[in-house]
Amino acid sequence: MSNPVTDRCIVLGVTGSIAAYKAGEIASRLTQWGAQVEVILTEGAQHFITPLTFQSLTGRKAYTDADLWGGEGHITHVGLGRSAELIVIAPATANTLSKLAYGIADNLLVLTVLAAQCPLVIAPAMDAGMFQHPATQAAVRILAQRGVLLVGPAEGRLASGLIGRGRMVEAAEVIAAARWLLGQRGPLAKRKVVITAGGTQEPIDAVRVITNRSSGKQGYALAQAASDAGAEVVLITAPTSLVPPYGAKVIKVRTAAEMLDAVLRETHDADALIMAAAVADFRPRTPQTQKIKKETEISSLELETTPDILMAVAERRARLGFPRRVIGFAAESEDLLTNAQSKLQRKRLDMIVANDISAQDAGFEVDTNQVTLLFADGRVEALPLMGKDQVAEVVISHLIAMLS
Ligand code: C5P
(Lines give C-alpha, C1' and ligand atoms only; values in the text may rest on other atoms or scores of the structure.)
Protein backbone atom coordinates (compact mmCIF):
# COMPACT_ATOMS: atom_id res chain seq x y z
CA MET A 1 0.00 0.00 0.00
CA SER A 2 1.31 3.39 -0.88
CA ASN A 3 -0.11 6.89 -0.78
CA PRO A 4 1.14 10.33 -1.84
CA VAL A 5 3.33 10.51 1.27
CA THR A 6 5.36 7.40 0.41
CA ASP A 7 8.99 8.09 -0.59
CA ARG A 8 8.57 11.84 -0.15
CA CYS A 9 10.96 14.01 1.85
CA ILE A 10 9.05 15.87 4.56
CA VAL A 11 10.56 18.32 7.02
CA LEU A 12 8.63 18.32 10.30
CA GLY A 13 9.23 21.46 12.37
CA VAL A 14 8.36 21.29 16.07
CA THR A 15 8.15 24.46 18.17
CA GLY A 16 7.74 25.24 21.86
CA SER A 17 4.17 24.36 22.78
CA ILE A 18 2.74 21.68 25.03
CA ALA A 19 1.12 20.29 21.87
CA ALA A 20 4.65 19.14 20.85
CA TYR A 21 3.71 15.70 22.14
CA LYS A 22 1.30 15.39 19.21
CA ALA A 23 4.21 15.84 16.79
CA GLY A 24 5.53 12.43 17.83
CA GLU A 25 2.49 10.79 16.30
CA ILE A 26 2.88 12.82 13.12
CA ALA A 27 6.53 11.77 12.76
CA SER A 28 5.65 8.16 13.45
CA ARG A 29 2.75 7.90 10.99
CA LEU A 30 4.55 9.67 8.14
CA THR A 31 7.55 7.37 8.67
CA GLN A 32 5.30 4.28 8.66
CA TRP A 33 3.87 5.46 5.34
CA GLY A 34 7.36 5.43 3.91
CA ALA A 35 8.22 9.14 4.02
CA GLN A 36 11.71 10.37 4.81
CA VAL A 37 10.95 12.58 7.81
CA GLU A 38 13.54 15.20 8.80
CA VAL A 39 12.62 16.69 12.18
CA ILE A 40 13.82 20.13 13.28
CA LEU A 41 13.17 21.18 16.89
CA THR A 42 13.38 24.79 18.04
CA GLU A 43 14.96 25.65 21.36
CA GLY A 44 11.49 25.98 22.92
CA ALA A 45 10.35 22.59 21.60
CA GLN A 46 13.17 20.86 23.46
CA HIS A 47 11.66 21.90 26.79
CA PHE A 48 8.67 19.69 25.96
CA ILE A 49 10.11 16.84 23.89
CA THR A 50 13.59 15.62 23.01
CA PRO A 51 15.42 15.02 19.72
CA LEU A 52 15.85 11.43 20.89
CA THR A 53 12.06 10.93 20.80
CA PHE A 54 12.02 11.83 17.11
CA GLN A 55 15.22 9.96 16.32
CA SER A 56 13.59 6.84 17.75
CA LEU A 57 10.40 7.37 15.74
CA THR A 58 11.98 8.23 12.40
CA GLY A 59 15.25 6.32 12.58
CA ARG A 60 16.99 9.52 11.47
CA LYS A 61 18.91 12.29 13.15
CA ALA A 62 16.66 15.03 14.54
CA TYR A 63 18.06 18.55 14.08
CA THR A 64 18.35 21.42 16.57
CA ASP A 65 20.04 24.82 16.56
CA ALA A 66 23.21 23.08 17.71
CA ASP A 67 23.47 21.85 14.09
CA LEU A 68 23.08 25.41 12.83
CA TRP A 69 26.17 26.54 14.69
CA GLY A 70 28.15 23.37 14.04
CA GLY A 71 30.89 23.05 11.40
CA GLU A 72 28.38 22.09 8.66
CA GLY A 73 25.83 24.66 9.81
CA HIS A 74 26.05 26.88 6.76
CA ILE A 75 24.81 24.07 4.53
CA THR A 76 22.44 22.24 6.86
CA HIS A 77 19.46 24.57 6.46
CA VAL A 78 19.96 24.95 2.72
CA GLY A 79 20.24 21.17 2.33
CA LEU A 80 17.13 20.47 4.41
CA GLY A 81 15.18 23.24 2.69
CA ARG A 82 16.16 22.18 -0.82
CA SER A 83 15.40 18.51 -0.35
CA ALA A 84 12.03 19.10 1.35
CA GLU A 85 8.98 18.31 -0.80
CA LEU A 86 6.73 19.46 2.02
CA ILE A 87 7.32 21.27 5.30
CA VAL A 88 4.93 20.64 8.18
CA ILE A 89 5.18 22.81 11.29
CA ALA A 90 3.19 21.32 14.13
CA PRO A 91 2.77 22.75 16.66
CA ALA A 92 3.53 26.30 15.49
CA THR A 93 3.72 28.95 18.23
CA ALA A 94 2.78 32.63 17.85
CA ASN A 95 6.50 33.39 17.81
CA THR A 96 7.21 31.05 14.89
CA LEU A 97 4.11 32.19 12.96
CA SER A 98 5.24 35.80 13.13
CA LYS A 99 8.84 34.95 12.25
CA LEU A 100 7.66 33.02 9.20
CA ALA A 101 5.35 35.82 8.12
CA TYR A 102 8.11 38.41 8.20
CA GLY A 103 10.97 36.22 7.01
CA ILE A 104 12.97 36.35 10.23
CA ALA A 105 15.69 33.73 10.09
CA ASP A 106 17.21 33.30 13.52
CA ASN A 107 16.93 29.54 14.02
CA LEU A 108 17.40 26.38 11.96
CA LEU A 109 13.66 25.85 11.39
CA VAL A 110 12.80 29.29 10.05
CA LEU A 111 16.04 29.38 8.04
CA THR A 112 15.10 26.07 6.44
CA VAL A 113 11.66 27.41 5.50
CA LEU A 114 13.30 30.41 3.84
CA ALA A 115 15.62 28.14 1.88
CA ALA A 116 12.77 25.89 0.74
CA GLN A 117 10.41 26.24 -2.21
CA CYS A 118 7.91 23.53 -1.32
CA PRO A 119 4.38 23.84 0.14
CA LEU A 120 3.98 24.51 3.83
CA VAL A 121 1.42 23.13 6.29
CA ILE A 122 1.16 24.90 9.63
CA ALA A 123 -0.81 23.82 12.71
CA PRO A 124 -0.87 26.75 15.17
CA ALA A 125 -1.05 26.12 18.92
CA MET A 126 -1.27 28.80 21.55
CA ASP A 127 -3.54 30.39 24.11
CA ALA A 128 -6.76 31.77 22.63
CA GLY A 129 -5.88 35.37 23.53
CA MET A 130 -2.51 35.06 21.80
CA PHE A 131 -4.15 33.66 18.68
CA GLN A 132 -6.67 36.51 18.64
CA HIS A 133 -3.97 39.15 19.08
CA PRO A 134 -3.77 41.46 16.05
CA ALA A 135 -0.08 40.64 15.66
CA THR A 136 -0.79 36.92 15.34
CA GLN A 137 -3.82 37.50 13.13
CA ALA A 138 -1.72 39.68 10.82
CA ALA A 139 0.87 36.92 10.55
CA VAL A 140 -1.84 34.34 9.83
CA ARG A 141 -3.26 36.52 7.05
CA ILE A 142 0.14 37.03 5.47
CA LEU A 143 0.87 33.30 5.53
CA ALA A 144 -2.56 32.37 4.14
CA GLN A 145 -2.16 34.88 1.31
CA ARG A 146 1.20 33.33 0.52
CA GLY A 147 -0.53 29.99 -0.01
CA VAL A 148 0.40 28.36 3.28
CA LEU A 149 -2.12 25.74 4.40
CA LEU A 150 -3.13 26.56 7.98
CA VAL A 151 -4.91 23.75 9.82
CA GLY A 152 -6.68 24.85 12.97
CA PRO A 153 -6.33 25.91 15.66
CA ALA A 154 -9.34 24.15 17.15
CA GLU A 155 -11.71 25.18 19.91
CA GLY A 156 -11.28 23.43 23.21
CA ARG A 157 -9.61 23.29 26.58
CA LEU A 158 -6.28 25.12 26.59
CA ALA A 159 -3.22 24.57 28.77
CA SER A 160 -4.18 27.72 30.69
CA GLY A 161 -7.38 25.96 31.76
CA LEU A 162 -9.48 28.30 29.66
CA ILE A 163 -11.72 27.21 26.82
CA GLY A 164 -11.12 28.91 23.50
CA ARG A 165 -9.70 28.70 19.99
CA GLY A 166 -6.01 27.90 20.19
CA ARG A 167 -5.64 24.14 20.56
CA MET A 168 -3.57 22.39 17.94
CA VAL A 169 -5.77 20.10 15.84
CA GLU A 170 -5.28 16.38 16.33
CA ALA A 171 -2.27 14.74 14.70
CA ALA A 172 -4.56 12.80 12.34
CA GLU A 173 -5.80 16.04 10.79
CA VAL A 174 -2.30 17.38 10.20
CA ILE A 175 -1.29 14.06 8.62
CA ALA A 176 -4.41 14.08 6.42
CA ALA A 177 -3.65 17.65 5.29
CA ALA A 178 -0.08 16.66 4.39
CA ARG A 179 -1.34 13.64 2.44
CA TRP A 180 -3.89 15.79 0.60
CA LEU A 181 -1.36 18.46 -0.32
CA LEU A 182 1.17 15.91 -1.62
CA GLY A 183 -1.53 14.26 -3.73
CA GLN A 184 -2.59 17.46 -5.44
CA ARG A 185 -0.48 17.00 -8.57
CA GLY A 186 -1.63 13.43 -9.15
CA PRO A 187 -3.16 12.03 -12.36
CA LEU A 188 -6.68 13.18 -11.38
CA ALA A 189 -5.62 16.79 -10.68
CA LYS A 190 -8.38 19.22 -11.67
CA ARG A 191 -10.83 16.34 -12.17
CA LYS A 192 -14.10 16.47 -10.26
CA VAL A 193 -15.04 13.03 -8.96
CA VAL A 194 -18.37 12.53 -7.20
CA ILE A 195 -18.60 9.46 -4.96
CA THR A 196 -21.59 8.17 -3.01
CA ALA A 197 -21.21 6.05 0.12
CA GLY A 198 -23.15 4.31 2.86
CA GLY A 199 -26.64 2.88 3.15
CA THR A 200 -29.55 5.29 2.74
CA GLN A 201 -32.21 5.51 5.47
CA GLU A 202 -35.90 5.67 4.55
CA PRO A 203 -38.14 6.91 7.36
CA ILE A 204 -41.04 4.83 8.66
CA ASP A 205 -41.94 7.39 11.32
CA ALA A 206 -40.22 10.04 13.44
CA VAL A 207 -37.72 7.57 14.92
CA ARG A 208 -37.63 4.44 12.74
CA VAL A 209 -35.99 3.89 9.37
CA ILE A 210 -35.49 1.16 6.80
CA THR A 211 -31.82 0.81 6.02
CA ASN A 212 -29.24 -1.84 5.08
CA ARG A 213 -25.95 -3.20 6.34
CA SER A 214 -23.67 -1.05 4.18
CA SER A 215 -20.90 0.48 6.31
CA GLY A 216 -19.75 3.04 3.77
CA LYS A 217 -16.18 1.73 4.01
CA GLN A 218 -15.76 0.99 0.30
CA GLY A 219 -17.13 4.39 -0.71
CA TYR A 220 -14.91 6.25 1.77
CA ALA A 221 -11.89 4.23 0.59
CA LEU A 222 -12.70 5.26 -2.99
CA ALA A 223 -12.95 8.89 -1.91
CA GLN A 224 -9.53 8.64 -0.26
CA ALA A 225 -7.97 6.95 -3.31
CA ALA A 226 -9.43 9.60 -5.64
CA SER A 227 -8.15 12.34 -3.33
CA ASP A 228 -4.70 10.68 -3.24
CA ALA A 229 -4.71 10.85 -7.04
CA GLY A 230 -5.34 14.60 -6.83
CA ALA A 231 -9.06 14.67 -7.65
CA GLU A 232 -11.44 17.32 -6.40
CA VAL A 233 -13.64 14.91 -4.43
CA VAL A 234 -17.31 15.37 -3.62
CA LEU A 235 -18.45 12.71 -1.16
CA ILE A 236 -22.22 12.30 -0.94
CA THR A 237 -22.71 10.18 2.13
CA ALA A 238 -25.52 8.46 3.96
CA PRO A 239 -25.01 8.39 7.76
CA THR A 240 -21.76 6.64 8.84
CA SER A 241 -19.19 7.21 11.56
CA LEU A 242 -16.28 7.25 9.09
CA VAL A 243 -13.85 10.13 8.58
CA PRO A 244 -13.92 11.63 5.07
CA PRO A 245 -10.64 12.43 3.31
CA TYR A 246 -9.15 15.84 4.03
CA GLY A 247 -10.18 18.49 1.53
CA ALA A 248 -13.24 16.60 0.22
CA LYS A 249 -16.55 18.40 -0.09
CA VAL A 250 -18.90 16.34 2.04
CA ILE A 251 -22.66 16.33 1.46
CA LYS A 252 -24.64 14.46 4.10
CA VAL A 253 -27.90 12.89 3.02
CA ARG A 254 -30.28 10.33 4.50
CA THR A 255 -32.77 9.15 1.91
CA ALA A 256 -32.50 7.94 -1.69
CA ALA A 257 -34.44 11.04 -2.77
CA GLU A 258 -31.94 13.36 -1.05
CA MET A 259 -29.08 11.41 -2.59
CA LEU A 260 -30.65 11.74 -6.04
CA ASP A 261 -30.90 15.52 -5.62
CA ALA A 262 -27.30 15.83 -4.47
CA VAL A 263 -25.98 13.56 -7.24
CA LEU A 264 -27.80 15.46 -9.98
CA ARG A 265 -26.65 18.79 -8.54
CA GLU A 266 -23.00 17.74 -8.31
CA THR A 267 -22.57 15.73 -11.52
CA HIS A 268 -23.68 18.26 -14.13
CA ASP A 269 -20.02 19.27 -14.53
CA ALA A 270 -18.27 16.22 -13.04
CA ASP A 271 -15.64 14.08 -14.70
CA ALA A 272 -16.86 10.97 -12.94
CA LEU A 273 -19.54 9.52 -10.70
CA ILE A 274 -18.88 6.42 -8.61
CA MET A 275 -22.11 5.09 -7.08
CA ALA A 276 -20.78 2.98 -4.22
CA ALA A 277 -23.74 3.76 -1.96
CA ALA A 278 -26.24 1.04 -1.11
CA VAL A 279 -29.34 2.99 -2.08
CA ALA A 280 -32.65 1.71 -0.74
CA ASP A 281 -34.81 0.17 -3.46
CA PHE A 282 -38.02 0.57 -1.42
CA ARG A 283 -39.31 3.15 1.04
CA PRO A 284 -42.48 3.44 3.16
CA ARG A 285 -45.20 5.02 1.04
CA THR A 286 -46.50 7.27 3.82
CA PRO A 287 -43.88 7.92 6.51
CA GLN A 288 -45.49 9.14 9.76
CA THR A 289 -44.31 12.42 11.24
CA GLN A 290 -44.97 11.22 14.80
CA LYS A 291 -43.63 8.07 16.43
CA ILE A 292 -46.06 5.20 15.74
CA LYS A 293 -47.38 3.91 19.07
CA LYS A 294 -46.76 0.28 19.99
CA GLU A 295 -50.47 -0.03 20.76
CA THR A 296 -51.26 0.60 17.09
CA GLU A 297 -50.09 -2.97 16.40
CA ILE A 298 -49.48 -2.32 12.72
CA SER A 299 -49.09 -5.55 10.83
CA SER A 300 -47.92 -4.29 7.48
CA LEU A 301 -46.01 -1.46 5.94
CA GLU A 302 -46.83 -0.24 2.49
CA LEU A 303 -43.73 0.33 0.36
CA GLU A 304 -43.01 2.06 -2.91
CA THR A 305 -39.90 2.00 -5.07
CA THR A 306 -37.30 4.76 -4.77
CA PRO A 307 -35.96 6.64 -7.78
CA ASP A 308 -33.05 4.83 -9.46
CA ILE A 309 -30.25 7.38 -9.30
CA LEU A 310 -28.05 5.77 -11.94
CA MET A 311 -30.97 5.60 -14.38
CA ALA A 312 -31.60 9.32 -13.90
CA VAL A 313 -27.89 10.03 -14.37
CA ALA A 314 -27.77 7.88 -17.53
CA GLU A 315 -30.71 9.73 -19.00
CA ARG A 316 -29.12 13.12 -18.37
CA ARG A 317 -25.69 11.98 -19.49
CA ALA A 318 -27.16 10.88 -22.82
CA ARG A 319 -28.33 14.49 -23.33
CA LEU A 320 -25.53 16.54 -21.76
CA GLY A 321 -22.46 14.32 -21.73
CA PHE A 322 -21.90 14.73 -17.97
CA PRO A 323 -20.69 13.07 -15.86
CA ARG A 324 -18.09 11.89 -18.34
CA ARG A 325 -17.62 8.48 -16.74
CA VAL A 326 -19.96 6.46 -14.52
CA ILE A 327 -19.05 3.51 -12.32
CA GLY A 328 -21.69 1.51 -10.48
CA PHE A 329 -21.71 -1.27 -7.94
CA ALA A 330 -23.66 -4.51 -7.90
CA ALA A 331 -23.99 -6.23 -4.55
CA GLU A 332 -25.46 -9.66 -5.26
CA SER A 333 -26.11 -12.79 -3.29
CA GLU A 334 -26.72 -14.97 -6.37
CA ASP A 335 -25.92 -15.04 -10.12
CA LEU A 336 -23.35 -12.32 -9.53
CA LEU A 337 -21.92 -11.87 -12.99
CA THR A 338 -25.18 -12.24 -14.92
CA ASN A 339 -26.88 -9.65 -12.72
CA ALA A 340 -23.92 -7.30 -12.82
CA GLN A 341 -23.73 -7.55 -16.62
CA SER A 342 -27.39 -6.72 -16.95
CA LYS A 343 -27.04 -3.68 -14.63
CA LEU A 344 -23.98 -2.50 -16.53
CA GLN A 345 -26.07 -2.35 -19.71
CA ARG A 346 -29.38 -1.19 -18.24
CA LYS A 347 -27.78 1.67 -16.29
CA ARG A 348 -25.43 2.46 -19.21
CA LEU A 349 -22.28 2.34 -17.07
CA ASP A 350 -18.63 2.41 -18.13
CA MET A 351 -17.76 -0.10 -15.46
CA ILE A 352 -19.47 -2.03 -12.69
CA VAL A 353 -17.89 -3.43 -9.55
CA ALA A 354 -19.58 -6.76 -8.83
CA ASN A 355 -19.55 -7.79 -5.25
CA ASP A 356 -20.58 -11.25 -4.02
CA ILE A 357 -22.05 -10.42 -0.62
CA SER A 358 -22.63 -14.06 0.25
CA ALA A 359 -18.85 -14.68 0.31
CA GLN A 360 -16.99 -14.54 3.61
CA ASP A 361 -14.71 -11.53 4.18
CA ALA A 362 -16.40 -9.61 1.37
CA GLY A 363 -19.15 -7.05 1.09
CA PHE A 364 -20.87 -5.37 4.00
CA GLU A 365 -19.22 -4.22 7.23
CA VAL A 366 -15.84 -6.01 6.86
CA ASP A 367 -12.57 -4.33 5.80
CA THR A 368 -11.93 -6.68 2.89
CA ASN A 369 -13.71 -7.21 -0.39
CA GLN A 370 -13.65 -9.60 -3.32
CA VAL A 371 -14.91 -8.05 -6.51
CA THR A 372 -15.04 -8.56 -10.26
CA LEU A 373 -14.83 -5.57 -12.57
CA LEU A 374 -16.98 -5.61 -15.72
CA PHE A 375 -16.45 -3.01 -18.43
CA ALA A 376 -18.75 -1.63 -21.11
CA ASP A 377 -16.43 -3.00 -23.81
CA GLY A 378 -16.88 -6.54 -22.51
CA ARG A 379 -13.64 -6.87 -20.53
CA VAL A 380 -13.89 -8.70 -17.21
CA GLU A 381 -11.27 -8.55 -14.45
CA ALA A 382 -11.64 -10.74 -11.37
CA LEU A 383 -9.70 -9.43 -8.39
CA PRO A 384 -8.54 -11.57 -5.46
CA LEU A 385 -9.67 -10.95 -1.88
CA MET A 386 -8.09 -7.67 -0.84
CA GLY A 387 -8.50 -4.72 1.50
CA LYS A 388 -11.21 -2.23 0.57
CA ASP A 389 -8.52 0.43 0.23
CA GLN A 390 -6.70 -1.76 -2.30
CA VAL A 391 -9.93 -2.38 -4.22
CA ALA A 392 -10.35 1.40 -4.23
CA GLU A 393 -6.85 1.90 -5.67
CA VAL A 394 -7.58 -0.55 -8.50
CA VAL A 395 -10.94 1.07 -9.31
CA ILE A 396 -9.35 4.54 -9.30
CA SER A 397 -6.49 3.35 -11.54
CA HIS A 398 -9.12 2.22 -14.07
CA LEU A 399 -10.88 5.58 -13.76
CA ILE A 400 -7.59 7.35 -14.45
CA ALA A 401 -7.17 5.26 -17.60
CA MET A 402 -10.76 5.97 -18.69
CA LEU A 403 -10.32 9.72 -18.28
CA SER A 404 -6.95 10.03 -19.99
O1 C5P B 1 -30.19 -2.09 -9.15
P2 C5P B 1 -29.24 -2.12 -7.99
O3 C5P B 1 -29.72 -1.38 -6.82
O4 C5P B 1 -28.83 -3.50 -7.57
O5 C5P B 1 -27.92 -1.43 -8.59
C6 C5P B 1 -26.84 -1.11 -7.79
C7 C5P B 1 -26.19 0.15 -8.29
O8 C5P B 1 -27.19 1.12 -8.56
C9 C5P B 1 -25.29 0.79 -7.26
O10 C5P B 1 -24.24 1.47 -7.91
C11 C5P B 1 -26.23 1.73 -6.52
O12 C5P B 1 -25.51 2.78 -5.91
C13 C5P B 1 -27.11 2.21 -7.66
N14 C5P B 1 -28.50 2.54 -7.27
C15 C5P B 1 -29.03 3.73 -7.68
N16 C5P B 1 -30.31 4.07 -7.32
C17 C5P B 1 -31.08 3.20 -6.62
C18 C5P B 1 -30.56 1.97 -6.23
C19 C5P B 1 -29.26 1.67 -6.57
O20 C5P B 1 -28.34 4.50 -8.34
N21 C5P B 1 -32.30 3.56 -6.28
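None of the values given here were measured: they were computed from a predicted structure. Every number for a ligand or one of its atoms is a count from 1 in the order of the listing.
Taking atom 19 (C) of ligand 1 as the reference point, the nearest protein heavy-atom neighbour is Val279 CB, 3.8 Å. Protein heavy atom in closest approach to atom 5 (O) of ligand 1: Lys347 NZ, 3.0 Å. For atom 3 (O) of ligand 1, the closest heavy atom belonging to the protein is Asp281 OD1, 3.5 Å. Annotation: atom 2 (P) of ligand 1 to nearest protein heavy atom, Lys343 NZ, 3.4 Å. Atom 16 (N) of ligand 1 has Ile309 N, 2.9 Å as its closest protein atom, hydrogens excluded (heavy atom only). Annotation: atom 7 (C) of ligand 1 to nearest protein heavy atom, Phe329 O, 2.9 Å.
Distance alone, capped at 3.5 Å, is enough to place a donor-acceptor pair between the Thr196 side chain and the Ala276 backbone. Ser342 places no side-chain N or O within 3.5 Å of a backbone atom of Thr338 that could act as its donor or acceptor partner. The backbone N or O of Ala280 sits less than 3.5 Å from a side-chain atom of Thr200, completing a donor-acceptor pair.
Between Gly328 and ligand 1, not a single N/O pair is under 3.5 Å apart. Of the polar atoms of Pro307, at least one N or O is found under 3.5 Å from an N or O of ligand 1, judged by distance alone. Not one N or O of Thr196 is nearer than 3.5 Å to an N or O of ligand 1, by distance alone. Ligand 1 has a nitrogen or oxygen under 3.5 angstrom from a nitrogen or oxygen of Ala277.
Ligand-side atoms of ligand 1 in range of Thr306: 21 (N), range being under 4.0 angstrom from any heavy atom.
At a threshold of 4.0 Å, the pair Lys192-Glu232 does not count as salt-bridged, since none of the basic side-chain nitrogens sits closer than that to a carboxylate oxygen.
Side chains of Thr240 and Tyr220: a donor-acceptor N/O pair is present below 3.5 angstrom, by distance only.
For Arg254, the CZ atom is loosely surrounded, since the number of other residues' heavy atoms within 6.0 Å does not exceed 12. In Lys291, the NZ atom is not crowded: 12 or fewer heavy atoms of neighbouring residues, nucleotides or ligands sit closer than 6.0 Å.
When the options Lys347, Lys343, Arg346 are evaluated for a salt bridge (charged side-chain N to carboxylate O under 4.0 Å, His left out) with Asp308, the one that passes is Lys347.
With a heavy-atom cut-off of 4.0 Å, Leu310 touches ligand 1 through backbone and side chain alike.
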